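We number each residue from 1, following the sequence as shown. In listed order, ligands and their atoms are each counted from 1. Since we're looking at a predicted model, the values are computed, not measured. Basis for what follows: all heavy atoms, side chains included, without hydrogens, waters or symmetry-related copies.
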Amino acid sequence: MNSNYIIRNIGCLVTCSGFSAKHGKEMSDLGIIENGKVVITNGIISYVGHSSDTVPVECPEDYEIIDAQGNAVLPGFIDSHTHLVFGGYREEEFSWRMKGDTYLSILNRGGGIYSTVQATRNASFEDLELAAKNRLDKMLAMGVTTVEAKSGYGLDKETELKQLRVLKKLNRDHPIDLVSTYLGAHAVAKEYGDEKAYINFMLQEVMPAVREENLAACCDIFCEEGVFSVPESERFLLEAQAMGFQLKIHADEIVSTGGAELAAGVGALSADHLLHASHRGVEALAKSHTVATLLPCTAFSLKENYARGREMIDAGCAVALATDLNPGSSFTASIPLTIALACIYMQLSPEEAVTALTINAAAAIGKADSIGSIDTGKKGDLIILEYPSYRFLPYHVGMNCVQKTIKSYKL
Ligand code: NIG
Ligand code: FE
(Lines give C-alpha, C1' and ligand atoms only; values in the text may rest on other atoms or scores of the structure.)
(Ligands and ions follow the chains in the order given, each with its own letter.)
Protein backbone atom coordinates (compact mmCIF):
# COMPACT_ATOMS: atom_id res chain seq x y z
CA MET A 1 0.00 0.00 0.00
CA ASN A 2 1.12 3.54 -0.80
CA SER A 3 1.43 5.89 2.16
CA ASN A 4 1.24 9.30 0.42
CA TYR A 5 -2.18 10.39 -0.78
CA ILE A 6 -4.01 13.52 -1.81
CA ILE A 7 -7.74 12.89 -1.60
CA ARG A 8 -9.70 15.67 -3.24
CA ASN A 9 -13.21 16.48 -4.35
CA ILE A 10 -14.68 15.15 -1.12
CA GLY A 11 -18.36 16.17 -1.10
CA CYS A 12 -18.75 15.67 2.64
CA LEU A 13 -15.60 15.35 4.73
CA VAL A 14 -16.63 13.91 8.08
CA THR A 15 -13.64 14.64 10.31
CA CYS A 16 -15.07 13.59 13.73
CA SER A 17 -12.33 15.97 14.88
CA GLY A 18 -11.15 15.46 18.45
CA PHE A 19 -8.62 13.70 20.66
CA SER A 20 -10.86 12.29 23.39
CA ALA A 21 -14.27 10.64 23.78
CA LYS A 22 -17.33 12.75 23.00
CA HIS A 23 -20.07 12.77 25.61
CA GLY A 24 -23.81 13.38 25.24
CA LYS A 25 -24.64 16.20 22.82
CA GLU A 26 -21.03 16.44 21.60
CA MET A 27 -21.64 13.14 19.81
CA SER A 28 -23.79 14.93 17.22
CA ASP A 29 -20.95 17.18 16.05
CA LEU A 30 -19.14 15.47 13.18
CA GLY A 31 -16.87 18.41 12.28
CA ILE A 32 -17.99 18.36 8.65
CA ILE A 33 -16.13 20.18 5.88
CA GLU A 34 -18.10 20.55 2.64
CA ASN A 35 -15.94 20.11 -0.44
CA GLY A 36 -12.92 18.88 1.42
CA LYS A 37 -9.41 17.68 0.81
CA VAL A 38 -7.11 15.47 2.88
CA VAL A 39 -3.38 14.87 2.47
CA ILE A 40 -1.63 11.87 3.97
CA THR A 41 2.17 11.95 4.14
CA ASN A 42 4.11 8.84 5.20
CA GLY A 43 0.93 7.36 6.60
CA ILE A 44 0.08 10.39 8.75
CA ILE A 45 -2.61 12.99 8.02
CA SER A 46 -0.67 16.14 7.15
CA TYR A 47 -3.41 18.42 5.87
CA VAL A 48 -7.20 18.75 6.24
CA GLY A 49 -8.98 21.52 4.38
CA HIS A 50 -11.04 22.61 1.40
CA SER A 51 -10.78 21.17 -2.10
CA SER A 52 -9.84 24.56 -3.56
CA ASP A 53 -6.87 25.06 -1.18
CA THR A 54 -3.41 24.71 -2.65
CA VAL A 55 -1.73 21.94 -0.79
CA PRO A 56 1.79 22.46 0.48
CA VAL A 57 3.52 19.24 -0.58
CA GLU A 58 7.15 19.25 -1.62
CA CYS A 59 7.16 16.47 -4.24
CA PRO A 60 3.63 16.09 -5.65
CA GLU A 61 4.88 13.24 -7.87
CA ASP A 62 5.31 11.10 -4.74
CA TYR A 63 1.59 11.28 -4.03
CA GLU A 64 -1.26 9.17 -5.33
CA ILE A 65 -4.16 11.45 -6.15
CA ILE A 66 -7.60 10.11 -5.40
CA ASP A 67 -10.72 11.84 -6.69
CA ALA A 68 -13.55 11.15 -4.22
CA GLN A 69 -16.04 12.27 -6.89
CA GLY A 70 -18.17 14.23 -4.45
CA ASN A 71 -18.65 11.29 -2.11
CA ALA A 72 -18.33 11.25 1.66
CA VAL A 73 -15.04 10.49 3.45
CA LEU A 74 -14.90 9.38 7.09
CA PRO A 75 -12.27 8.11 9.54
CA GLY A 76 -11.83 4.33 9.27
CA PHE A 77 -14.21 2.43 11.53
CA ILE A 78 -12.87 0.97 14.75
CA ASP A 79 -14.38 -2.29 15.99
CA SER A 80 -13.54 -1.91 19.68
CA HIS A 81 -14.96 -5.22 20.97
CA THR A 82 -14.40 -8.56 19.23
CA HIS A 83 -13.49 -12.13 20.06
CA LEU A 84 -11.73 -12.56 16.72
CA VAL A 85 -9.64 -15.68 17.38
CA PHE A 86 -11.54 -18.89 18.10
CA GLY A 87 -11.77 -22.51 17.05
CA GLY A 88 -14.94 -24.21 15.81
CA TYR A 89 -18.48 -22.91 15.52
CA ARG A 90 -21.73 -23.22 17.50
CA GLU A 91 -24.45 -23.26 14.86
CA GLU A 92 -26.39 -25.91 16.77
CA GLU A 93 -26.70 -23.66 19.83
CA PHE A 94 -28.13 -20.93 17.67
CA SER A 95 -30.98 -23.26 16.67
CA TRP A 96 -31.56 -24.25 20.32
CA ARG A 97 -31.77 -20.58 21.31
CA MET A 98 -34.26 -19.84 18.54
CA LYS A 99 -36.47 -22.54 20.11
CA GLY A 100 -36.29 -20.91 23.54
CA ASP A 101 -33.13 -22.25 25.19
CA THR A 102 -31.12 -19.52 26.92
CA TYR A 103 -27.51 -18.39 26.63
CA LEU A 104 -26.73 -18.85 30.34
CA SER A 105 -28.43 -22.25 30.57
CA ILE A 106 -26.35 -23.55 27.64
CA LEU A 107 -23.20 -22.15 29.32
CA ASN A 108 -24.08 -23.74 32.66
CA ARG A 109 -24.56 -27.12 30.94
CA GLY A 110 -20.95 -26.93 29.78
CA GLY A 111 -21.72 -25.61 26.29
CA GLY A 112 -21.43 -22.03 25.08
CA ILE A 113 -18.04 -20.53 25.83
CA TYR A 114 -16.85 -23.92 27.21
CA SER A 115 -17.54 -25.56 23.87
CA THR A 116 -15.44 -22.97 22.04
CA VAL A 117 -12.72 -23.38 24.69
CA GLN A 118 -12.46 -27.06 23.81
CA ALA A 119 -12.29 -26.33 20.08
CA THR A 120 -9.74 -23.54 20.56
CA ARG A 121 -7.50 -25.71 22.73
CA ASN A 122 -7.57 -28.34 20.00
CA ALA A 123 -6.91 -25.92 17.13
CA SER A 124 -3.43 -25.33 15.73
CA PHE A 125 -1.83 -21.89 15.71
CA GLU A 126 -2.01 -21.88 11.90
CA ASP A 127 -5.70 -22.79 11.75
CA LEU A 128 -6.61 -20.07 14.24
CA GLU A 129 -4.52 -17.57 12.34
CA LEU A 130 -6.03 -18.39 8.94
CA ALA A 131 -9.62 -18.23 10.17
CA ALA A 132 -9.00 -14.90 11.91
CA LYS A 133 -7.19 -13.50 8.86
CA ASN A 134 -10.18 -14.31 6.66
CA ARG A 135 -12.45 -12.49 9.10
CA LEU A 136 -10.14 -9.46 9.09
CA ASP A 137 -10.16 -9.33 5.28
CA LYS A 138 -13.94 -8.98 5.33
CA MET A 139 -13.79 -6.34 8.04
CA LEU A 140 -11.30 -4.26 6.05
CA ALA A 141 -13.71 -4.28 3.11
CA MET A 142 -16.38 -2.84 5.41
CA GLY A 143 -14.07 0.06 6.30
CA VAL A 144 -12.65 -1.26 9.55
CA THR A 145 -9.05 -0.12 10.09
CA THR A 146 -8.51 -1.04 13.77
CA VAL A 147 -9.87 -4.00 15.71
CA GLU A 148 -9.76 -4.81 19.41
CA ALA A 149 -9.58 -8.57 19.90
CA LYS A 150 -9.75 -10.67 23.04
CA SER A 151 -8.39 -14.00 24.16
CA GLY A 152 -10.67 -15.98 26.49
CA TYR A 153 -11.21 -19.25 24.66
CA GLY A 154 -8.31 -21.07 26.25
CA LEU A 155 -8.67 -20.27 29.94
CA ASP A 156 -5.52 -22.33 30.53
CA LYS A 157 -2.17 -20.57 30.18
CA GLU A 158 -1.00 -22.29 27.01
CA THR A 159 -4.10 -21.63 24.91
CA GLU A 160 -4.60 -18.06 26.12
CA LEU A 161 -1.00 -17.29 25.11
CA LYS A 162 -1.58 -19.08 21.79
CA GLN A 163 -4.56 -16.84 21.01
CA LEU A 164 -2.65 -13.69 21.96
CA ARG A 165 0.38 -14.74 19.90
CA VAL A 166 -1.90 -15.26 16.90
CA LEU A 167 -3.12 -11.69 17.39
CA LYS A 168 0.44 -10.37 17.64
CA LYS A 169 1.34 -12.08 14.38
CA LEU A 170 -1.79 -10.83 12.63
CA ASN A 171 -1.07 -7.30 13.83
CA ARG A 172 2.27 -7.57 12.09
CA ASP A 173 1.05 -9.23 8.89
CA HIS A 174 -2.43 -7.82 8.24
CA PRO A 175 -3.16 -4.21 7.20
CA ILE A 176 -5.70 -3.83 10.04
CA ASP A 177 -4.22 -2.66 13.36
CA LEU A 178 -5.04 -4.89 16.31
CA VAL A 179 -5.28 -4.03 20.00
CA SER A 180 -5.19 -7.16 22.16
CA THR A 181 -7.05 -7.83 25.37
CA TYR A 182 -6.47 -10.66 27.83
CA LEU A 183 -9.88 -12.16 28.68
CA GLY A 184 -8.86 -15.22 30.68
CA ALA A 185 -11.73 -14.20 32.97
CA HIS A 186 -14.29 -15.19 30.34
CA ALA A 187 -15.57 -18.21 32.29
CA VAL A 188 -14.34 -20.06 35.37
CA ALA A 189 -11.93 -22.84 34.32
CA LYS A 190 -13.16 -25.51 36.70
CA GLU A 191 -9.88 -27.47 36.59
CA TYR A 192 -8.32 -24.68 38.69
CA GLY A 193 -11.04 -24.78 41.37
CA ASP A 194 -13.66 -22.15 42.14
CA GLU A 195 -13.92 -18.56 40.96
CA LYS A 196 -11.42 -17.27 43.56
CA ALA A 197 -8.86 -19.96 42.84
CA TYR A 198 -9.11 -19.43 39.09
CA ILE A 199 -8.64 -15.67 39.52
CA ASN A 200 -5.55 -16.32 41.63
CA PHE A 201 -4.22 -18.65 38.93
CA MET A 202 -4.65 -15.95 36.27
CA LEU A 203 -3.05 -13.26 38.41
CA GLN A 204 -0.10 -15.38 39.45
CA GLU A 205 0.55 -17.69 36.50
CA VAL A 206 -0.80 -16.19 33.31
CA MET A 207 -0.81 -12.40 33.48
CA PRO A 208 2.90 -11.98 34.32
CA ALA A 209 3.66 -14.02 31.17
CA VAL A 210 1.26 -11.90 29.11
CA ARG A 211 3.03 -8.75 30.33
CA GLU A 212 6.48 -10.18 29.78
CA GLU A 213 5.79 -11.02 26.12
CA ASN A 214 3.87 -7.74 25.73
CA LEU A 215 0.89 -9.66 24.39
CA ALA A 216 -2.01 -7.51 25.60
CA ALA A 217 -2.59 -3.86 26.46
CA CYS A 218 -5.94 -4.46 28.15
CA CYS A 219 -7.61 -6.89 30.50
CA ASP A 220 -11.32 -7.77 30.47
CA ILE A 221 -13.68 -9.81 32.67
CA PHE A 222 -17.16 -11.29 32.14
CA CYS A 223 -18.84 -9.84 35.25
CA GLU A 224 -22.14 -11.71 35.24
CA GLU A 225 -24.46 -13.67 37.48
CA GLY A 226 -23.05 -17.18 37.84
CA VAL A 227 -19.79 -16.24 36.08
CA PHE A 228 -17.62 -13.63 37.91
CA SER A 229 -19.20 -11.72 40.81
CA VAL A 230 -18.80 -7.97 41.32
CA PRO A 231 -16.45 -8.26 44.36
CA GLU A 232 -14.20 -10.81 42.64
CA SER A 233 -14.26 -8.80 39.41
CA GLU A 234 -13.18 -5.72 41.34
CA ARG A 235 -10.31 -7.57 43.02
CA PHE A 236 -9.19 -8.96 39.65
CA LEU A 237 -9.39 -5.63 37.85
CA LEU A 238 -7.54 -3.64 40.51
CA GLU A 239 -4.71 -6.17 40.50
CA ALA A 240 -4.62 -6.13 36.70
CA GLN A 241 -4.44 -2.33 36.77
CA ALA A 242 -1.53 -2.48 39.20
CA MET A 243 0.25 -4.80 36.73
CA GLY A 244 -0.12 -2.17 34.00
CA PHE A 245 -3.18 -3.39 32.08
CA GLN A 246 -5.92 -1.03 30.97
CA LEU A 247 -9.35 -2.27 31.92
CA LYS A 248 -12.51 -3.30 30.09
CA ILE A 249 -15.58 -5.11 31.47
CA HIS A 250 -18.38 -7.24 30.02
CA ALA A 251 -20.93 -5.49 32.23
CA ASP A 252 -24.66 -6.01 32.87
CA GLU A 253 -25.04 -8.10 29.72
CA ILE A 254 -27.61 -10.64 30.81
CA VAL A 255 -28.50 -9.67 34.39
CA SER A 256 -28.15 -6.31 36.17
CA THR A 257 -25.26 -6.85 38.58
CA GLY A 258 -23.72 -3.39 39.01
CA GLY A 259 -21.04 -3.89 36.35
CA ALA A 260 -21.48 -0.35 34.99
CA GLU A 261 -20.89 1.18 38.43
CA LEU A 262 -17.83 -1.05 38.87
CA ALA A 263 -16.39 0.02 35.49
CA ALA A 264 -16.76 3.70 36.33
CA GLY A 265 -15.36 3.13 39.84
CA VAL A 266 -12.16 1.41 38.70
CA GLY A 267 -11.59 3.85 35.81
CA ALA A 268 -12.05 1.25 33.05
CA LEU A 269 -11.58 2.34 29.44
CA SER A 270 -15.00 0.90 28.67
CA ALA A 271 -18.02 -0.91 30.07
CA ASP A 272 -19.41 -3.16 27.36
CA HIS A 273 -22.90 -4.56 26.61
CA LEU A 274 -24.91 -2.74 29.36
CA LEU A 275 -28.23 -4.23 28.21
CA HIS A 276 -29.34 -4.32 31.82
CA ALA A 277 -27.35 -1.40 33.25
CA SER A 278 -29.18 0.29 36.12
CA HIS A 279 -30.10 3.95 36.15
CA ARG A 280 -27.37 4.55 38.74
CA GLY A 281 -24.91 2.72 36.53
CA VAL A 282 -25.73 4.97 33.58
CA GLU A 283 -25.30 8.05 35.77
CA ALA A 284 -21.96 6.79 37.04
CA LEU A 285 -20.75 6.23 33.46
CA ALA A 286 -21.93 9.69 32.39
CA LYS A 287 -19.78 11.31 35.08
CA SER A 288 -16.72 9.17 34.30
CA HIS A 289 -14.17 8.75 31.50
CA THR A 290 -15.41 5.20 30.88
CA VAL A 291 -16.93 4.70 27.44
CA ALA A 292 -20.28 2.87 27.28
CA THR A 293 -19.72 0.35 24.47
CA LEU A 294 -22.96 -1.00 23.03
CA LEU A 295 -23.17 -4.18 20.96
CA PRO A 296 -26.56 -4.25 19.24
CA CYS A 297 -25.77 -7.33 17.12
CA THR A 298 -25.54 -9.35 20.35
CA ALA A 299 -28.95 -8.18 21.57
CA PHE A 300 -30.31 -8.95 18.10
CA SER A 301 -28.81 -12.45 17.96
CA LEU A 302 -29.86 -13.31 21.52
CA LYS A 303 -33.33 -11.84 20.95
CA GLU A 304 -32.81 -9.56 23.95
CA ASN A 305 -33.95 -5.99 24.46
CA TYR A 306 -31.40 -3.46 23.23
CA ALA A 307 -29.25 -1.36 25.54
CA ARG A 308 -30.81 2.05 26.22
CA GLY A 309 -28.47 3.96 23.94
CA ARG A 310 -30.68 7.03 23.59
CA GLU A 311 -31.05 7.38 27.34
CA MET A 312 -27.31 6.94 27.86
CA ILE A 313 -26.41 9.70 25.42
CA ASP A 314 -29.10 11.99 26.85
CA ALA A 315 -27.64 11.34 30.31
CA GLY A 316 -24.23 12.50 29.04
CA CYS A 317 -22.45 9.19 28.43
CA ALA A 318 -19.79 8.69 25.76
CA VAL A 319 -21.21 5.81 23.70
CA ALA A 320 -19.25 3.54 21.34
CA LEU A 321 -20.59 0.78 19.08
CA ALA A 322 -18.93 -2.53 18.24
CA THR A 323 -19.83 -5.90 16.72
CA ASP A 324 -18.81 -8.32 19.54
CA LEU A 325 -17.84 -10.78 16.78
CA ASN A 326 -17.72 -14.22 18.45
CA PRO A 327 -18.95 -17.76 17.67
CA GLY A 328 -21.76 -17.67 20.26
CA SER A 329 -23.74 -14.55 21.07
CA SER A 330 -22.93 -12.52 17.94
CA PHE A 331 -21.45 -14.37 14.98
CA THR A 332 -21.13 -11.31 12.80
CA ALA A 333 -18.55 -8.64 12.04
CA SER A 334 -21.08 -6.53 10.21
CA ILE A 335 -20.59 -2.79 10.64
CA PRO A 336 -23.61 -2.08 8.38
CA LEU A 337 -25.88 -4.19 10.60
CA THR A 338 -24.44 -2.61 13.76
CA ILE A 339 -25.21 0.88 12.45
CA ALA A 340 -28.71 -0.04 11.30
CA LEU A 341 -29.67 -1.65 14.62
CA ALA A 342 -28.20 1.25 16.60
CA CYS A 343 -30.21 3.81 14.67
CA ILE A 344 -33.44 1.84 14.27
CA TYR A 345 -33.68 0.18 17.70
CA MET A 346 -31.51 2.23 20.04
CA GLN A 347 -32.59 5.58 18.58
CA LEU A 348 -29.08 6.85 17.87
CA SER A 349 -28.92 9.48 15.15
CA PRO A 350 -26.69 8.75 12.13
CA GLU A 351 -24.26 11.37 13.50
CA GLU A 352 -24.10 9.66 16.89
CA ALA A 353 -23.58 6.26 15.27
CA VAL A 354 -20.63 7.61 13.28
CA THR A 355 -19.06 9.14 16.41
CA ALA A 356 -19.65 5.84 18.23
CA LEU A 357 -17.68 3.87 15.61
CA THR A 358 -14.80 6.33 15.24
CA ILE A 359 -13.52 8.72 17.91
CA ASN A 360 -15.45 7.14 20.80
CA ALA A 361 -14.40 3.65 19.73
CA ALA A 362 -10.80 4.91 19.64
CA ALA A 363 -11.21 6.18 23.22
CA ALA A 364 -12.63 2.80 24.24
CA ILE A 365 -9.28 1.20 23.35
CA GLY A 366 -7.13 4.06 24.67
CA LYS A 367 -6.15 5.37 21.24
CA ALA A 368 -8.10 8.62 20.77
CA ASP A 369 -4.82 10.52 20.47
CA SER A 370 -3.73 8.68 17.32
CA ILE A 371 -6.81 7.32 15.46
CA GLY A 372 -10.60 7.80 15.23
CA SER A 373 -10.72 11.19 13.51
CA ILE A 374 -9.38 13.03 10.48
CA ASP A 375 -7.05 15.46 12.24
CA THR A 376 -3.51 16.37 11.29
CA GLY A 377 -1.03 14.18 13.13
CA LYS A 378 -3.33 11.14 13.27
CA LYS A 379 -2.88 7.94 11.27
CA GLY A 380 -4.07 8.13 7.68
CA ASP A 381 -6.83 5.56 8.08
CA LEU A 382 -9.98 6.57 6.26
CA ILE A 383 -12.82 5.42 4.08
CA ILE A 384 -14.54 6.72 0.97
CA LEU A 385 -18.24 5.90 0.72
CA GLU A 386 -20.03 5.30 -2.56
CA TYR A 387 -22.57 7.96 -1.55
CA PRO A 388 -22.32 11.70 -0.93
CA SER A 389 -23.45 11.56 2.69
CA TYR A 390 -22.76 9.52 5.86
CA ARG A 391 -26.56 9.47 6.27
CA PHE A 392 -26.65 6.56 3.81
CA LEU A 393 -24.96 4.34 6.42
CA PRO A 394 -28.11 3.44 8.44
CA TYR A 395 -30.48 4.10 5.55
CA HIS A 396 -28.89 1.54 3.19
CA VAL A 397 -29.84 -1.13 5.70
CA GLY A 398 -27.30 -3.89 6.19
CA MET A 399 -25.42 -2.97 3.01
CA ASN A 400 -21.76 -2.04 2.74
CA CYS A 401 -21.51 1.62 1.64
CA VAL A 402 -17.69 1.65 1.66
CA GLN A 403 -16.14 2.06 -1.77
CA LYS A 404 -12.52 2.23 -0.68
CA THR A 405 -10.61 1.78 2.57
CA ILE A 406 -7.34 3.70 2.84
CA LYS A 407 -5.17 2.08 5.48
CA SER A 408 -1.82 3.58 6.32
CA TYR A 409 1.28 1.47 6.93
CA LYS A 410 2.00 0.14 10.37
CA LEU A 411 3.97 2.81 12.16
O1 NIG B 1 -19.53 -10.72 24.60
N2 NIG B 1 -20.53 -12.79 27.21
C3 NIG B 1 -19.41 -13.13 27.09
N4 NIG B 1 -18.68 -13.15 25.98
C5 NIG B 1 -19.18 -13.00 24.65
C6 NIG B 1 -19.78 -14.23 24.14
C7 NIG B 1 -18.78 -15.27 23.97
C8 NIG B 1 -19.34 -16.56 23.47
O9 NIG B 1 -20.53 -16.83 23.61
O10 NIG B 1 -18.52 -17.31 22.92
C11 NIG B 1 -20.08 -11.80 24.53
O12 NIG B 1 -21.30 -11.91 24.37
FE1 FE C 1 -17.87 -9.88 24.11
> Which residues pass the salt bridge (Lys or Arg N to Asp or Glu O under 4.0 Å) test with E129, sequence neighbours left out?
Replying inline: K169

> Can a cation-pi geometry be assigned to R211 and F245, taking NZ or CZ under 6.0 Å from the six-membered ring centre and within 45° of the ring axis?
Replying inline: yes

> Any side-chain donor paired with an acceptor under 3.5 Å for H273 and D252?
Replying inline: no

> Contact residues of ligand 1 with a heavy-atom cut-off of under 4.0 Å?
Replying inline: H81, H83, R90, Y103, I113, Y153, H186, F222, H250, E253, H273, D324, N326, G328, S329

> Going by atom types alone, do H186 and H250 pair a side-chain donor with an acceptor below 3.5 Å?
Replying inline: no

> So, for K37 and H50, which heavy atoms are closest and what is the spacing to 0.1 Å?
Replying inline: CB-O, 3.7 Å

>> For V188, is there any backbone N or O sitting under 3.5 Å from a side-chain donor or acceptor partner on E195?
In response: no

> Can you name the one residue among K157, K162, K168, R165 that meets salt bridge (Lys or Arg N to Asp or Glu O under 4.0 Å) with E213?
Replying inline: R165

>> Under a 3.5 Å threshold, yes or no: a donor from one side chain and an acceptor from the other, between H276 and N305?
In response: no

May I have the list of side-chain donor-acceptor pairs in residues 85-92 shorter than 3.5 Å, sequence neighbours left out?
from	atom 1	to	atom 2	distance (Å)
Y89	OH	R135	NH2	3.2
R90	NE	E93	OE1	3.0
R90	NE	E93	OE2	3.4
R90	NE	G112	O	3.4
R90	NH1	G112	O	3.4
R90	NH1	T116	OG1	2.7

>> I need the protein N, O or S atoms closer than 2.8 Å to the Fe ion (ligand 2), given as residue plus atom name.
In response: H81 NE2, H83 NE2, H250 NE2, D324 OD1

